[in-house]
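Here's the structure, in structure tokens; my notes come after.
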Amino acid sequence: MHWADVVAEKLLESGKKHVISSGITPSGPIHLGSMREILTADAIVRAVNDKGGEAELLYVADNADPLRKVYPFLNEEKYGAYVGRPLAEIPAPEGDRSYDQFFLKPFFQALEEVGVRPKVIDNYDYYKNGKYNECVKKIIESRNEARDILEKISGRQLPKHWFPWTFKDKDGKLCNGKFIRYEWPFVYFENKSGDEIQNNIEKGEGKLPWRLDWPSKWKILGVTFEAFGKDHATKGGSFDTGKRIVKDILDYKEPHHLVYEWINLKGKGAMHSSTGLAISAEEMLRMAPPEVIRWLIMQPQPNRHVDFDPGLGLLNSVDKYDRSLQTYYSGDLEENSSRALELSQIKAIPEEENQTIPYRHLVTLSQSKENHEEIEKTLVRTGDIKKLNTNEIKNLKSRLNCIEGWLDNYAPESVKFKIQKNVPNLDLNSDEKIYLENLKEKMTLIDWNPESIHDSFYELQETSEISAKEYFRIMYLVLLGKERGPRLGFFLATIDKDFVINRLDSY
RNA sequence: GGGCCUGUAGCUCAGCUAGGUAGAGCGUCCGGCUUUUAACCGGACGGCCAAGGGUUCGAAUCCCUUCAGGCCCGCCA
């Protein structure tokens, strides 16, 4: 059984309605690794609903969290002063929005494209509007017990003047001050310079520290399931303390959970937006079809790490996805893979199989043709496809967009080429000029389709004692200005015959 | 120091939740095909399932121990 269904069945044993939560601190570009969390959650929402349950997906934007430091992608001068301020109160690197929205907006846009529409929880607003009141009160009332749980389970010592609230200093920065006294909704603390500061808890001046904030969210939002990264899952970590806090102090049942592994960039290690070693969700969508992105997450077990290779590996992933889809329609795909494919669809899986155009062909065509229509026409002419229906056209276009993005940013040089509009300047010897002459004659005579073109090269080889390889090489040089290129029969058939003959004739 | 995950064919991995004769893709080799951005078709080779022990009629699968690798936590989230 697919992992999402295993979880869904377990959830349904304890009730029909479920709140599946996911979230992130929007401190930088939100990357593919973070996307694993919400896609994992989304898969479980779908699985619960498929089995007759009612699951809702939440996405908590932890924008009350402070900016921890000036990240490498930020301007030191501008952001130095904002370190410590809540993300929701800081200006964005560009434009009028706030910092958190600057990173969240494109991420939500990306989520929509991969078919995920969570209910978004603005954590900053939650604090401002007093949604945490009840939980904060309870925790403050039982602060000795809370302290005990945190110290015992996490094994770390809390300061003598600990109070379960991250204070907000008069300069707007979150800080750990010395607790003085408390009288709901006010708490008083002494800051570093020795001033006494008042925070109004009801108005979100300050926030709960993470280890208390998380379990409070479970209760406030009614969370029954959450998938989280292994950083939270360690013994004595925030989940361990959270489940005790929520049970003993907040009187709520700990949510079911699942721990997922990181996504690594092939050969480079785990993604971190803070170091810049990451591919953001938006970037990802500009180079890979959304269903393939989902599939990269749905196919493996959540506890396996994923090595993502944005180079040639991406082409392989798309090919693999396409191939499994074809196997799916022929009914030969095993259960888990079939389910993974269903969960990878943006909408429902189409009942009728669409024509798949080999992705590598499209990589070639997108570099040799001007626009989508020409590409489609060419594919029909070469017999690779029949006329496309509306759905297929849409599909073709979105895939071509991905390919263009990929070629611009991630494709290795070996797959890139450009048809030379002007005749490349080549230093040819007399033998080579003869090859060209022979080639031209041959090309003039044949039908312009992949097989005849291909065949003609081997006929030339037989009659002229020159290797076919040499003919290939010279053809690529003349057309592309480089020694290698796409499979020649197919490639030539996609471009204009007269153009090719003229080119050969100009040497 | 503590914890989690992983270890199955040369490589990448599935199979483990629910025990019932070891699987796929790629690579290699052979055959076919007028051989190419890492083409296609057919076939073969290939594994003490990391090691040891236990439970069982029966273990890759469950339990214990060990070894190896990766990562997380012990600041913050």
Name the pairing partner of [N], where a pair is Watson-Crick or G-U wobble with both distances under 3.5 Å, or state none.
| N | answer |
| --- | --- |
| B:G7 | B:C67 |
| B:U61 | none |
| B:G27 | none |
| B:U34 | none |
| B:A39 | none |

Minimum-distance nucleotide to A:P209 side chain [options: B:A77, B:U17, B:U36]: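 Closest of the options to the side chain of A:P209: B:A77.
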Can you tell which of B:G3, B:C76, B:U17 lies closest to the side chain of A:V6?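 The answer is B:U17, which lies nearest to the side chain.
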Rounded [atom1] spacing from [N] to [M] in Å:
| N | M | atom1 | value |
| --- | --- | --- | --- |
| B:G47 | B:A24 | P | 14 Å |
| B:G70 | B:U12 | P | 14 Å |
| B:U36 | B:C72 | P | 43 Å |
| B:U34 | B:A50 | P | 45 Å |
| B:A39 | B:A77 | C1' | 50 Å |
| B:U55 | B:G2 | C1' | 30 Å |
| B:G23 | B:C45 | C1' | 16 Å |
| B:G7 | B:U61 | C1' | 15 Å |

Would you please indicate yes or no on a ring centroid separation below 6.0 angstrom for A:F107 and A:F103? no
Suppose we call two aromatic rings close when their centres sit under 6.0 Å apart. Are A:F189 and A:F179 close by that rule?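 No; A:F179 has its ring centre 6.0 Å or more from that of A:F189.
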If I take atom [atom1] in residue [X] and atom [atom2] in nucleotide [N], what distance separates them, rounded to the nearest angstrom?
| X | N | atom1 | atom2 | result |
| --- | --- | --- | --- | --- |
| A:E13 | B:U17 | CD | C1' | 12 Å |
| A:N264 | B:G69 | CG | P | 18 Å |
| A:Q301 | B:C71 | CD | P | 21 Å |
| A:L258 | B:U17 | CG | C1' | 12 Å |
| A:D240 | B:G74 | CG | C1' | 13 Å |
| A:D307 | B:G70 | CG | P | 13 Å |
| A:W3 | B:C13 | CH2 | C1' | 17 Å |
| A:R360 | B:A39 | CZ | P | 8 Å |

Aromatic ring pairing A:F228/A:H257, orientation class (parallel under 30°, perpendicular over 60°, tilted between): parallel
Which word best sums up how the rings of A:W295 and A:Y321 line up, parallel for under 30°, tilted for 30 to 60°, or perpendicular for over 60°?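 Plane angle over 60°, so perpendicular.
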Is A:H232 near enough to B:C72 that one of its side-chain N or O atoms lies under 4.0 angstrom from OP1 or OP2? no
Just N and O in the side chain of A:R156: are any of them under 4.0 Å from OP1 or OP2 of B:C76?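 Indeed, a polar side-chain atom of A:R156 lies that close.
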Evaluate side-chain contact (heavy atoms from CB on, under 4.5 Å) for A:L11 paired with A:I44, printing each intermediate quantity in order. CA-CA 10 Å; A:L11 289 180; A:I44 287 158; 3.9 Å; yes
What contact category does [X] fall into here, base, sugar-phosphate, or nothing, at under 4.0 angstrom with non-hydrogen atoms?
| X | answer |
| --- | --- |
| A:D65 | sugar-phosphate |
| A:D213 | nothing |
| A:S414 | base |
| A:T364 | base |

Does A:K131 make a cation-pi contact with A:Y126 (under 6.0 Å, within 45 degrees of the axis)? yes
Between A:S238 and A:W262, name the one whose nearest nucleotide on RNA chain B is closer to the 5' end. A:W262
Comparing nearest nucleotides in RNA chain B, the 5'-proximal residue of the pair A:H454, A:K207 is A:H454
Close N or O pairs between protein and nucleotides 31-33 of chain B (under 3.5 Å):
none

State which residue, out of A:Y124, A:Y82, A:Y99, fulfils the side chain to side chain donor-acceptor pair (under 3.5 Å) condition with A:E89.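 Exactly one candidate clears the test, A:Y124.
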Which residue, A:R304, A:H305, A:K230, forms the side chain to side chain donor-acceptor pair (under 3.5 Å) with A:E261? A:K230
If we only count heavy atoms from C-beta on, is the A:Y59 to A:I24 side-chain gap below 4.5 Å?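 They are in side-chain contact.
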Between A:F491 and A:I419, is any pair of side-chain heavy atoms under 4.5 Å apart? yes
Could you point out which residue of A:D240, A:I153, A:I149 forms a side chain to side chain contact (heavy atoms under 4.5 Å, CB included) with A:I245?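 In the set A:D240, A:I153, A:I149, the residue that makes a side chain to side chain contact (heavy atoms under 4.5 Å, CB included) with A:I245 is A:I149.
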Protein-nucleic acid N or O pairs under 3.5 Å, nucleotides 4-7 of chain B:
residue : atom : partner : partner atom : Å
B:C5    : O2'  : A:N303  : O            : 3.2
B:U6    : OP1  : A:N303  : ND2          : 3.3

Carboxylate-amine/guanidinium proximity below 4.0 Å for A:D148 and A:K152: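 Counted as a salt bridge, because a side-chain N and a carboxylate O are separated by less than 4.0 Å.
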